[in-house]
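We number each residue from 1, following the sequence as shown.
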Amino acid sequence: VTRCDSRRGEMVLSLPPWLCALVQQEDRVFASTESRLRFAIDLARRNVEHRTGGPFGAAVFEAASGTLVSAGVNLVEASCCSLAHAEMLAIGLAQQALGSYDLSAAGNYELATSVEPCAMCLGAIPWSGLQRVVCGAYGADAAAIGFDEGAKPADWVGALQKRGIEVVRDQQRDEARAVLQQYAAIGGLIYNPGQKP
Ligand SMILES: [Zn+2]
């Protein structure tokens with residue numbers, strides 16, 4: 001994984017090779033919401049199994065067709081960057097692929113994420129132009145293995161919906177939670193604010 005090189009004035013976040021190979025396959029169309037979320041959870045599982053990062057996966061799809069636009073996994077430890085959450089990577093890669101910092105200007109796009117967004121990713125969603133977010137495990141499930149999801153409004157779903165962003169929760173929770181537990185079981189790093197690595 002390439003690290004950011006501040007001397008060159010560049011910020012580089014590179015997906016692991018297994019994920020690059022996966023997204024480069026053509027015709028990745030996921031017709032149903034269920035299949036899109038299953039793909040995001042599968043990314044999280046593979047990230048744990050390849051030991052390339054934390055137990056989180058996310059992907060952006062064109063909402064009507066289900067065409068995969070981008071995918072991300074948690075790369076915080078490997079890329080030495082606290083911004084490298086699965087959702088942030090998926091959003092940033094989608095925007096660069098579509099040539100627009102506002103996805104809503106390019107069409108109707110949705111994010112599937114294996115676990116509900118943390119405070120950072122929640123903040124990024126309204127700025128991204130995403131129009132729908134589909135979540136697997138609860139934030140509380142990530143907290144149960146020690147991850148801090150940060151300060152989120154109690155009614156974060158309502159806050160997104162007020163901005164016209166549809167939120168679908170509590171889908172395939174058991175499958176997504178199993179990946180979190182798998183990561184904890186292999187002794188994966190649980191990093192948190194204020195905790196020295
Ligand atoms: Zn996050």
Side-chain angles (χ1 to χ4, degrees), residues 1-31 34-62 65-101 103 106 109-115 117-118 120-121 124 128 130 133-137 142 145 147 172 175-191 197:
V1 174
T2 310
R3 287 190 176 180
C4 306
D5 184 342
S6 59
R7 288 164 304 179
R8 290 181 58 194
E10 289 180 348
M11 187 168 147
V12 179
L13 294 170
S14 304
L15 298 179
W18 64 263
L19 181 49
C20 286
L22 203 64
V23 294
Q24 281 162 6
Q25 290 170 18
E26 289 179 14
D27 297 329
R28 299 303 307 258
V29 177
F30 297 80
E34 188 190 1
S35 66
R36 295 171 201 178
L37 183 58
R38 192 180 306 117
F39 178 71
I41 295 169
D42 190 47
L43 295 179
R45 184 182 305 108
R46 290 181 196 227
N47 204 34
V48 173
E49 288 173 356
H50 287 279
R51 301 198 178 228
T52 42
F56 306 96
V60 172
F61 302 90
E62 200 281 308
S65 65
T67 301
L68 175 67
V69 179
S70 65
V73 289
N74 178 294
L75 297 173
V76 168
E77 187 183 0
S79 61
C80 208
C81 180
S82 66
L83 306 180
H85 284 197
E87 301 96 311
M88 303 291 278
L89 282 158
I91 290 168
L93 287 165
Q95 291 169 332
Q96 298 212 333
L98 296 163
S100 175
Y101 60 82
L103 293 173
Y109 293 91
E110 70 175 47
L111 176 78
T113 178
S114 67
V115 181
C118 73
M120 172 175 68
C121 298
S128 69
L130 284 165
V133 180
V134 182
C135 313
I145 65 160
F147 280 107
Q172 301 172 49
E175 292 85 340
R177 195 165 42 178
V179 178
L180 296 171
Q181 289 162 353
Q182 182 185 0
Y183 183 74
I186 64 164
L189 178 70
I190 312 278
Y191 55 83

Taking the side chain as everything from C-beta on, heavy atoms only, tell me whether [X] gets closer than 4.5 Å to [Y].
X	Y	answer
Tyr109	Thr67	no
Cys81	Leu13	yes
Ile186	Arg51	yes
Ser14	Ser79	no

List the steps and the verdict of side-chain contact (heavy atoms from CB on, under 4.5 Å) for Leu22 and Leu43. CA-CA 10 Å; Leu22 203 64; Leu43 295 179; 3.6 Å; yes
Excluding sequence neighbours, so at least two apart, what forms side-chain hydrogen bond (donor to acceptor under 3.5 Å, both in side chains) with [X]?
X	answer
Gln172	none
Ser100	none
Glu34	Arg38

Begin with the C-alpha distance, continue with both residues' side-chain angles, and end with the deciding distance and a verdict on side-chain contact (heavy atoms from CB on, under 4.5 Å) for Thr52 and Leu15. CA-CA 9 Å; Thr52 42; Leu15 298 179; over 6 Å; no
Could you list the residues that satisfy salt bridge (Lys or Arg N to Asp or Glu O under 4.0 Å) with Arg46, not counting sequence neighbours?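 Expected list: Asp42.
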With sequence neighbours left out, write down each residue that passes salt bridge (Lys or Arg N to Asp or Glu O under 4.0 Å) with Glu49, or none if nothing qualifies.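 For Glu49, no residue satisfies salt bridge (Lys or Arg N to Asp or Glu O under 4.0 Å) once neighbours in sequence are set aside.
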So which atom in [X] and which in [Y] form the shortest heavy-atom distance, rounded to 0.1 Å?
X	Y	result
Val76	Asn74	N-OD1, 3.2 Å
Ala142	Leu180	N-CD1, 3.7 Å
Ala44	Ser114	CB-OG, 3.8 Å
Ala112	Ala40	O-CB, 3.6 Å
Ala71	Leu19	CB-CD1, 4.0 Å

Identified side chain to side chain contact (heavy atoms under 4.5 Å, CB included) partner of Arg28 from the options Val23, Leu68, Val69: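 Only one option passes, and that is Leu68.
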Under 3.5 Å: donor-acceptor pair, side chain of Asn47, backbone of Gly57: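 No; judged by distance alone, with no hydrogens or angles, the pair does not exist.
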I'd like to check the ring-ring contact (aromatic ring centres under 6.0 Å, His included) partners of Phe147; sequence neighbours left out, ordered by chain and number.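 ring-ring contact (aromatic ring centres under 6.0 Å, His included) check on Phe147 returns Phe56, Tyr191.
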Interatomic distance, Leu37 atom CG to Cys135 atom SG [nearest 0.5 angstrom]: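 Interatomic distance, Leu37 CG to Cys135 SG, rounded to 0.5 Å: 8.0 Å.
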Measure the CG-CG distance between Leu130 and Leu111 for me, rounded to the nearest 0.5 Å.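 Between Leu130 CG and Leu111 CG, I get 5.5 Å after rounding to 0.5 Å.
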Once you measure the plane-to-plane angle for Phe39 and Phe30, does it fall in the parallel (<30°), tilted (30-60°) or perpendicular (>60°) bin?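 Taking Phe30 first and then Phe39, their aromatic rings sit tilted (interplane angle of 30° to 60°).
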Let me check something: any side-chain donor-acceptor pairs from residues 82-96 under 3.5 Å, sequence neighbours excluded? List them with distances.
residue, atom, partner, partner atom, Å
Gln95, NE2, Tyr101, O, 2.8
Gln95, NE2, Ser128, O, 3.3

